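Numbering starts at 1 and runs along the sequence shown. First listed ligand is number 1; within each ligand, the first listed atom is number 1. The shown structure was predicted, so the numbers you read here are calculated from the model rather than taken from an experiment.
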Amino acid sequence: MIGRRSDVDQLVLQLSNGAHRVVAAPRRTGKSSVCEAAVGRLRAKRFYTVSISLFKYTNAATLAEAIAQETLANRRPMHKLIEKVREAGATVVKGAALTLAMKTQADLGDAVELAIR
Ligand SMILES: Nc1ncnc2c1ncn2[C@@H]1O[C@H](COP(=O)(O)OP(=O)(O)OP(=O)(O)O)[C@@H](O)[C@H]1O
Ligand SMILES: [Mg+2]
């Protein structure tokens with residue numbers, strides 16, 4: 001990150017204080033690199049981070065799914081569970097995995113419905 005330390009520092013400070021930032025600059029001037037570095041630093045400080053490319057998702061449903069998955073991926077065990085279910089099908093959701101799913105549902109509260117298909 002040649003010459004961008006203060007940009008990264010500033011972004012980390014602002015985001016960690018709950019501010020929203022939009023990074024705008026001419027093409028190929030290092031916007032993504034600075035943002036990725038800031039997100040990496042926040043992640044190391046145990047903030048929840050979600051990185052989404054709006055070029056990748058073509059409708060609201062896939063975007064919502066990506067946001068939900070990236071958010072849950074901040075909880076390592078939950079991320080592992082999702083991967084496991086995806087690979088093996090719903091039959092593996094029992095025992096410890098089921099307890100984890102129930103606990104996550106409880107943590108997230110009534111506003112969120114956790115559906116593992
Ligand atoms: N501080 C830096 N010092 C040297 N090289 C850099 C620096 N920041 C970015 N680069 C390099 O410059 C190129 C463009 O960087 P990056 O993709 O971060 O820019 P961007 O502004 O997000 O570009 P785009 O407009 O295409 O989204 C990349 O090859 C990256 O490795
Ligand atoms: Mg970019």
K.L.:
Search all heavy atoms of Leu11 against all heavy atoms of Ala38 and return the closest pair with its distance.
P.N.:
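For Leu11 and Ala38, the tightest heavy-atom pair comes out as CD2-CB, 3.8 Å.
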K.L.:
Look at Ser33 and state whether any of its N, O or S atoms is less than 2.8 Å from the Mg ion (ligand 2).
P.N.:
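Here the distance criterion (N, O or S atom, under 2.8 Å) is not met by Ser33, so no.
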K.L.:
So which heavy atom in the protein is nearest atom 1 (N) of ligand 1, and how far is it from that ligand atom?
P.N.:
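In this structure, atom 1 (N) of ligand 1 has Ile2 O, 2.9 Å as its nearest protein heavy atom.
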K.L.:
Looking at OG of Ser51 and CD of Glu36, how far apart are the two atoms once the value is rounded to the nearest 0.5 Å?
P.N.:
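Spacing of OG (Ser51) from CD (Glu36) equals 7.5 Å.
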K.L.:
May I ask you to check if ligand 1 and Pro26 share an N or O to N or O distance below 3.5 Å?
P.N.:
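Between Pro26 and ligand 1, no N or O pair is found under 3.5 Å apart.
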K.L.:
Cluster question for you: counting only ILVMFWY and a side-chain heavy-atom cut-off of under 4.5 Å, with indirect links fine, are Tyr48 and Leu63 together?
P.N.:
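Unlinked, Tyr48 and Leu63 end up in two clusters.
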K.L.:
For atom 19 (O) of ligand 1, what's the nearest protein heavy atom and its distance?
P.N.:
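Answer for atom 19 (O) of ligand 1: Gly30 N, 3.0 Å.
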K.L.:
Of the listed options (Arg28, Glu36, Lys31, Arg5), which comes nearest to atom 28 (C) of ligand 1 when hydrogens are ignored and any heavy atom counts?
P.N.:
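Result: the heavy atom closest to atom 28 (C) of ligand 1 is in Arg28.
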K.L.:
Would you say atom 7 (C) of ligand 1 makes contact with the protein, given that contact here means a non-hydrogen protein atom less than 4.0 Å away?
P.N.:
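Protein heavy atoms within 4.0 Å of atom 7 (C) of ligand 1 - there are none.
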K.L.:
Once you round to the nearest 0.5 Å, how far does OG of Ser33 lie from CG of Asp7?
P.N.:
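These two atoms lie 11.5 Å from each other.
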K.L.:
State whether the side chain of Gln14 and the backbone N or O of Ala19 hold a donor-acceptor pair below 3.5 Å, judged by distance alone.
P.N.:
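Judged by distance alone, no pair lies under 3.5 Å.
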K.L.:
Side-chain heavy atoms nearer than 4.5 Å, only ILVMFWY residues, links allowed to pass through others: does that put Val12 and Val23 together?
P.N.:
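Yes, same cluster.
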K.L.:
Using the side-chain contact (heavy atoms from CB on, under 4.5 Å) rule, take Ile67 and Thr71 through it: C-alpha gap first, then chi angles, then the decisive distance, then the call.
P.N.:
CA-CA 6 Å; Ile67 292 170; Thr71 305; 4.0 Å; yes
K.L.:
Counting only non-hydrogen atoms of the protein, does one fall under 4.0 Å from atom 25 (O) of ligand 1?
P.N.:
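Neighbour list for atom 25 (O) of ligand 1 includes protein heavy atoms (cut-off 4.0 Å).
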K.L.:
For atom 22 (O) of ligand 1, state which one of Ser32, Ser33, Cys35 supplies the nearest heavy atom.
P.N.:
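The residue whose heavy atom sits nearest atom 22 (O) of ligand 1 is Ser32.
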K.L.:
Quick check on atom 3 (N) of ligand 1 - does any protein heavy atom sit closer than 4.0 Å to it?
P.N.:
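Yes, at least one protein heavy atom sits under 4.0 Å from atom 3 (N) of ligand 1.
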K.L.:
Give the atoms of ligand 1, by number and element, whose distance to some non-hydrogen atom of Arg4 is under 4.0 Å.
P.N.:
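Result: 1 (N).
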